[in-house]
Structures are given as C-alpha cells and as structure tokens.
Enquirer: 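My questions all concern the structure below.
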Amino acid sequence: MAFILSEEFKARAAKICARYPRADAALIPLLLELQKEAGYVAEEGMDALAQLLELPYSRVKAVTTFYTMFKREPAGKYHLQVCRNISCHMAGAAGLLDGLKKKLAIEEGETTKDGIFTLSSVECLGACGSAPVMQVNEHYFENLNEEKLDALLEELKHGRLPRH
Ligand code: FES
C-alpha cells in the first residue's frame, strides 16, 4: 500500500516550505517532521516526501542516511546516540557505551524490550569541546560521566527528558 502523507502533515509542510527560497532547502526540517509523526523515517515516507517536494527519491534517501539523527526503523522512545570519535573516545565514551549496554542489556542497534531505549554509537556530533557527548533524540548531553549518565537514565525511565 502506498504511503499517504496526512493532510495535517501537508499543511505543516506548506508552512515550512514557505520559509525557504527553494523546496529542497526544506528537506531536513520536513524529514524531522516526518520522524516526529511516525517515530522514524520509512522508505515509503521518503518516497512520498520526494514526490511532495518534486525531488529525486535518491536525494531524499541520501540525506536521510547521511544524518544519524534520522531513524530508519521503528526505535525506542529515546534514541541514545553515543559519539565514538576521537575527542569523545579519549574522554571515556567507550566506557560509557559499554556501561549503557550492560545497564540496558542491549547491544548497539537494539531496542530494550519495554520500547524505551534504542542504543547507537555515532560519528562526531560536533561538540568535541564538551566530550564525551551523547545525543538523545534531538538533545545533546555533554561532559558526561558515569554518574551523570545514571541520573539521566533515571529521568528518561520516568519519561522525563531534561532540557539543556
Ligand atoms: S568527537 Fe565527539 S562530539 Fe566530536
């Protein structure tokens, strides 16, 4: 069955497109909207968005696969993305990632049984000066250590995403 963009989504998309000189400049904000609606960006959603913006499907797919903020499969409520690049690695990111695997009893790319957490490691998040860094959905948590991470997990388990 073909993926249908909701009328509500199309109305929001028209408003977003109006802010940009060209439709393709609205691609990332619209992919984020799509992800907000479904929790991830499905192949069919990319196809429907390509048609809406009159862009080649390959362009939409390339953007979706390049940016790690886009989930391409159903994922947990909170997507924990630990930076694995050099600054974060030197500041202990690997230990934090291992700790998360043990605490959540999942490996990278997996989601906890309760559907709350999905765990990934990702390339540089562009906040190297505050290493180690983890992104949770669209939010960054910087200068992390074991203690801060435990406190954050507790908040998230109770459905609270602290804002920074
Ligand atoms: S190396 Fe981790 S944010 Fe750049």
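Computed from a prediction, not measured in an experiment: that's the story for all the values here. We count ligands from 1, going down the list as the structure has it; atoms in each ligand are counted the same way.
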Enquirer: Judged by non-hydrogen atoms, does Gly126 sit under 4.0 Å from ligand 1?
Expert: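 Gly126 counts as a contact of ligand 1 under the 4.0 Å cut-off.
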
Enquirer: Say whether, by atom type as modelled, one donor and one acceptor occur between the side chain of Thr118 and the main chain of Gly76 under 3.5 angstrom.
Expert: yes

Enquirer: Any atoms of ligand 1 less than 4.0 Å from a non-hydrogen atom of Cys83? List them with their elements.
Expert: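 Within the 4.0 Å cut-off of Cys83, ligand 1 contributes 1 (S), 2 (Fe), 3 (S).
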
Enquirer: Please determine whether Cys88 has a backbone or side-chain N, O or S atom lying under 2.8 Å from atom 4 (Fe) of ligand 1.
Expert: no

Enquirer: Over all heavy atoms of both residues, which pair between Leu161 and Phe141 is shortest? Give the atoms and the distance, please.
Expert: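 Heavy atoms only, the tightest pair is CD1-CZ, 3.9 Å.
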
Enquirer: Give a yes or no on whether the backbone of Asn143 and the side-chain of Lys148 come within a donor-acceptor separation of less than 3.5 Å.
Expert: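 Checking the backbone N and O of Asn143 against the side chain of Lys148, a donor-acceptor pair under 3.5 Å is found.
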
Enquirer: Hey, which atoms in ligand 1 end up nearer than 4.0 Å to a heavy atom of Leu125?
Expert: 3 (S)

Enquirer: If you count the atoms of ligand 1 from 1 in the order shown, which ones are under 4.0 Å from a heavy atom of Cys124?
Expert: 1 (S), 3 (S), 4 (Fe)

Enquirer: Taking C-beta and beyond as the side chain, do Lys157 and Phe117 meet within less than 4.5 Å on heavy atoms?
Expert: yes

Enquirer: Under 4.0 Å, heavy atoms only, figure out whether ligand 1 is touched by the backbone of Ser87, its side chain, both or neither.
Expert: both

Enquirer: Testing the 3.5 Å rule here: is there a donor-acceptor pair between the side chains of Tyr140 and Gln81?
Expert: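 The answer is no; no qualifying pair exists.
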
